[in-house]
Amino acid sequence: MKRNSLLIALFCLISQILIAQVEVNQVVPRDTSFTTYSAWVNMKKDFPEAKIVKPQLPAGVLAEPNVVYATLPNTSYGKRDLHLDLFRPEKPGKYPVLLLIHGGGWRSGNKSMDIPLAQQIAAKGYVTAAVEHRLSPEALYPAAVYDIKAAVRFLRANAKKYSIDPKRIAIGGSSAGGQLASFVGASSG
């Protein structure tokens, strides 16, 4: 009887470990139907001279890629870190910050689409942040709004570290990113 209890306990322990491993290894769904390349292909029909702008860090700009601005401990995909790519002038000071939110119909796209713009704006004396947020295949509205608000709180809390003037924070985006920016700007708190 003791041996059976021991085997059952061992079986339960191994099962819990295997289940935990499966949960940790779940991949967040990605819709890659909207990318810089796909947008260029569509645009090229009407504007044959159009070119994809490549990221190029200007002189005098510091880059801090993949800064974790929030950790979500219990998502459907396990623990989930949210990131932003930050660009700021090298020269010491306090700079206004601009958060850039990518487009993609709420379900595709990613923060890398805004990097060339973020780099060039940072060269003009701003701190810029290209922000990752959860897309609809992962989490439905209002999750993306909450994520972006968390990015704003993170930047305010780390204003000194990143040379940010916490009283001058702006947010903008293209397409769905513009809609999210307006939701964040119009919400309280």
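Atom set for the values below is all heavy atoms of this structure, side chains included, hydrogens, waters and symmetry mates excluded.
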Please, which pairs that meet salt bridge (charged side-chain N to carboxylate O under 4.0 Å, His left out) have at least one residue in [range], sequence neighbours excluded?
range: residues 61-78; answer: Glu64-Arg88
range: residues 160-169; answer: Asp165-Arg168
range: residues 89-112; answer: Asp31-Arg107, Asp85-Lys111
range: residues 37-51; answer: none

Is the ring pair His133/His102 parallel, tilted or perpendicular, if the boundaries are 30 and 60 degrees? parallel
(request) Verify the neighbour count for atom OH of Tyr162: are there more than 12 heavy atoms of other residues, nucleotides or ligands below 6.0 Å? (result) yes
Q) Is there a path from Ile169 to Leu86 through hydrophobic residues (I, L, V, M, F, W, Y) whose side chains come within less than 4.5 Å of each other? A) yes
The ring pair (Phe, Tyr, Trp, His ring centres under 6.0 Å) partners of Tyr37 (sequence neighbours excluded) come to Trp40
Residues which pass side-chain contact (heavy atoms from CB on, under 4.5 Å) with [X], listed by chain and number, not counting sequence neighbours:
X: Ala150; value: Tyr69, Ala70, Arg153
X: Ala181; value: Ile171
X: Ala157; value: none

Output a table of donor-acceptor pairs, distance under 3.5 Å, between side-chain atoms of residues 115-128 and any protein atom two or more places apart or on a different chain; print 'none' if there are none.
from: Gln119; atom 1: OE1; to: Gln56; atom 2: N; distance (Å): 2.7
from: Thr128; atom 1: OG1; to: Ala118; atom 2: O; distance (Å): 2.8

Val145 vs Lys149 side-chain heavy atoms within contact, under 4.5 Å:
yes
Closest non-hydrogen contact found for Leu82 with Arg80 is CD2-NH1, 3.7 Å
Residue pairs passing the side chain to side chain donor-acceptor pair (under 3.5 Å) test with at least one member in residues 169-180, sequence neighbours excluded, are Trp106-Gln179
Residue pairs meeting ring-ring contact (aromatic ring centres under 6.0 Å, His included), one or both in residues 48-67, sequence neighbours left out, come to none
Using a 4.5 Å side-chain heavy-atom cut-off and chaining through intermediate ILVMFWY residues, the residues clustered with Val68 come out as none
